[in-house]
Amino acid sequence: MTANEREERLRTMESAARRFRALGKRCLTGFLNTYKAFQALIDFPELLGYVSSNSIYMRNTLASKPVTLGELLTNNFDSQPSTNAGSWIGRTLLNLANLSLLASISALLLWLFLGETDLGMAPVLILLATVAVLWWLLNRSARTHKQHFLLRNDRQGFMRELRLDEKTAVFDGSNIYHLGHKHGLDAQPLGEVVDLLRSQRYRIVCFFDANIFYTLGKHGAFSSGTRHSLAMLESIFGLKKDEIYVVPSGVQADKYILECLNYLPISFAVSNDKYRDYAHKYPSVMKDNLWRKGVKISGDEIKLLQHRIQ
C-alpha cells in the first residue's frame, strides 16, 4: 500500500469517525430533548396545581407539621419505603417500559430529522404520536397509583383540603339512609343530622357505597332512566358537592370512613355500624366510645346519640 493510499484511507476513517460522533451527538441530544419535552408535558398539570395551591406549598415549606389531610397523606405515603419483591419488580418493569418508549420516541424523531425513511412523513408521525401517548399514559398511571387511596379516588378533590385542626363529622351515608328508609323517612334523618352538625361548625364528609344510586332508584327517589349525577345526592340529602364521597365499586365505604378518622385528629363517625370487622386494624380509632355516634329514630324524632348540643 502506497503512502497516498494510506493517507486516503486515514482521511476516510477520520471522516467516518466524525460522522459517527455527530450522529451519536444528535441521538443523545434528541433523546434528552424528547425526555425533557414529554416530562414537561406530564408535569404541566402539576404545575397548574402548584400555582393554584401556592398557600399549601408555603405551608409545606415554612411549617414543621402538615396542615391539611393532603399534606399529611402525601408525606406519610412518600416516606413509607416499599420493600416487598412485588413492588420492586413492578418498579423495575415500569422503568424498563418507560426507557423503551423514550428510546423509541427518540429513534423516530431522529429518523424524521435525518429523513432516512421510505414510508413517508405521515405514517412515522402517527407512529410517533402513538408511542408518545403510550408513554404519557404509563407515567400518568404510575403517578396516580403513588397516591393514598383516599386522595386517589376522590372525584371532587376536596379531601386533600381538609384541615387537621378543624372538627369533622364523618358520615356513613349509606348506613344512615338505610336507617331512615327502614322508618319510612328515607333521606330525612341524614339531612337533619348534617344540618345540626353543620350549624355547630363541623366540617361534613359523607361517604356513600357505590350502589347508592341503584338503592335510591329502587326506593323511588327518582324515576327510572334518570342519569346518575352528584347533583342528585346534593338535592336528596341536602349536601354540598364538596361533602360527598362515593367510593369505587367493589369496595365498602367502611374502610374509607375509618381511614379518614385515622388521620383526622378532631373527628368522629356518624353511623349505627360498629365496624367490628375492622377493630384489629384500627385500634387507635376505636379506643373509646366517642369515636362513633349513632342515630336513633323515635316516631318523628331524630336524635344523634352521645352528642351534646353546643
Side-chain angles (χ1 to χ4, degrees), residues 42-43 45-84 87 90-91 139-173 194 197-198 200-208 239-248 251-271 273 275 278-288 290-293:
I42 285 182
D43 290 341
E46 293 187 1
L47 177 62
L48 293 180
Y50 163 78
V51 173
S52 63
S53 59
N54 185 54
S55 60
I56 295 178
Y57 171 79
M58 292 302 294
R59 288 198 297 267
N60 274 333
T61 55
L62 298 178
S64 58
K65 294 183 179 181
V67 177
T68 66
L69 182 62
E71 295 170 8
L72 177 62
L73 291 179
T74 300
N75 292 343
N76 286 353
F77 203 80
D78 290 342
S79 63
Q80 293 177 356
S82 181
T83 57
N84 62 78
S87 298
R91 289 196 306 271
N139 280 269
R140 181 186 180 189
S141 176
R143 294 187 181 205
T144 299
H145 283 84
K146 287 182 180 179
Q147 292 182 328
H148 188 282
F149 67 84
L150 275 175
L151 304 181
R152 184 171 66 243
N153 298 315
D154 178 17
R155 300 174 186 174
Q156 279 63 258
F158 69 92
M159 292 292 292
R160 63 174 58 251
E161 303 298 333
L162 294 179
R163 291 183 61 90
L164 303 177
D165 58 357
E166 289 182 348
K167 55 186 184 179
T168 306
V170 182
F171 280 76
D172 187 343
V194 165
L197 294 176
R198 195 187 285 142
Q200 297 176 12
R201 300 186 181 278
Y202 278 90
R203 181 71 164 86
I204 305 299
V205 179
C206 191
F207 288 94
F208 290 99
L239 293 166
K240 300 176 183 177
K241 183 177 181 180
D242 60 355
E243 296 175 341
I244 300 172
Y245 194 124
V246 180
V247 305
V251 298
Q252 291 184 316
D254 300 3
K255 179 181 178 181
Y256 284 73
I257 293 167
L258 293 169
E259 192 75 8
C260 190
L261 295 172
N262 190 42
Y263 287 106
L264 293 178
I266 315 174
S267 63
F268 61 84
V270 179
S271 175
D273 191 342
Y275 305 102
Y278 294 88
H280 66 285
K281 187 173 181 180
Y282 296 96
S284 60
V285 172
M286 306 180 187
K287 61 181 179 296
D288 55 45
L290 295 178
W291 72 273
R292 181 190 63 87
K293 301 184 180 184

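Small disclaimer: the values here were computed from a predicted structure and weren't measured. One is the number of the first residue; the rest follow in order along the sequence.
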Please check if the side chain of R292 supplies one atom and the backbone of S271 the other of a donor-acceptor pair under 3.5 Å. yes

Residues two or more places apart in sequence or in another chain: which of them pass side chain to side chain donor-acceptor pair (under 3.5 Å) with D242? none

Would you say T74 and L151 make side-chain contact, with heavy atoms under 4.5 Å? yes

Could you tell me the separation between the CG atom of L69 and the NE2 atom of H148, rounded to the nearest 0.5 Å? 8.0 Å

Contacts of F207 meeting ring-ring contact (aromatic ring centres under 6.0 Å, His included) (sequence neighbours excluded), chain-then-number -> Y245

Counting only heavy atoms from other residues, nucleotides and ligands, does the tally under 6.0 Å from NZ of K293 exceed 12? yes

Please examine the side chains of I244 and F208, heavy atoms only from C-beta on, and report whether any two atoms are closer than 4.5 Å. yes

Sequence-distant partners of Y275, ring-ring contact (aromatic ring centres under 6.0 Å, His included), two or more places apart: W291

Taking all atoms of both residues into account, what is the closest heavy-atom pair of P248 and N153, and its distance? CG-CG, 3.6 Å

What distance separates D165 CG from K65 NZ, expressed to the nearest 0.5 Å? 12.0 Å

Indicate yes or no: at least one non-hydrogen side-chain atom of V285 is less than 4.5 angstrom from one of Y278. no

Side-chain touch V67/R163, heavy atoms, less than 4.5 angstrom: yes

State, to 0.1 Å, how close L264 and S267 come at their nearest heavy-atom pair, and which atoms those are. O-OG, 2.8 Å

Spacing of L261 atom CG and M286 atom CE [to the nearest 0.5 Å]: 8.5 Å

Smallest separation among heavy atoms of C206 and G173, with atom names: SG-CA, 3.6 Å

Taking C-beta and beyond as the side chain, do V270 and L197 meet within less than 4.5 Å on heavy atoms? yes

Counting the benzene-type ring for Trp, do Y202 and F171 have ring centres under 6.0 Å apart? no

State, with a plain yes or no, whether a side-chain heavy atom of D254 is found less than 4.5 Å away from one of D172. yes

Rounded to the nearest 0.5 Å, how far does OH of Y263 lie from CG of L73? 6.0 Å

Cation-pi check, K240 to F158: give yes when NZ or CZ is under 6.0 Å from the six-membered ring centre and within 45° of the ring axis, no otherwise. no

Euclidean distance, R152 CZ relative to M159 CE, rounded to 0.5 Å: 13.0 Å

So CG of L164 and CD of E71: to nearest 0.5 Å the spacing works out to 7.5 Å

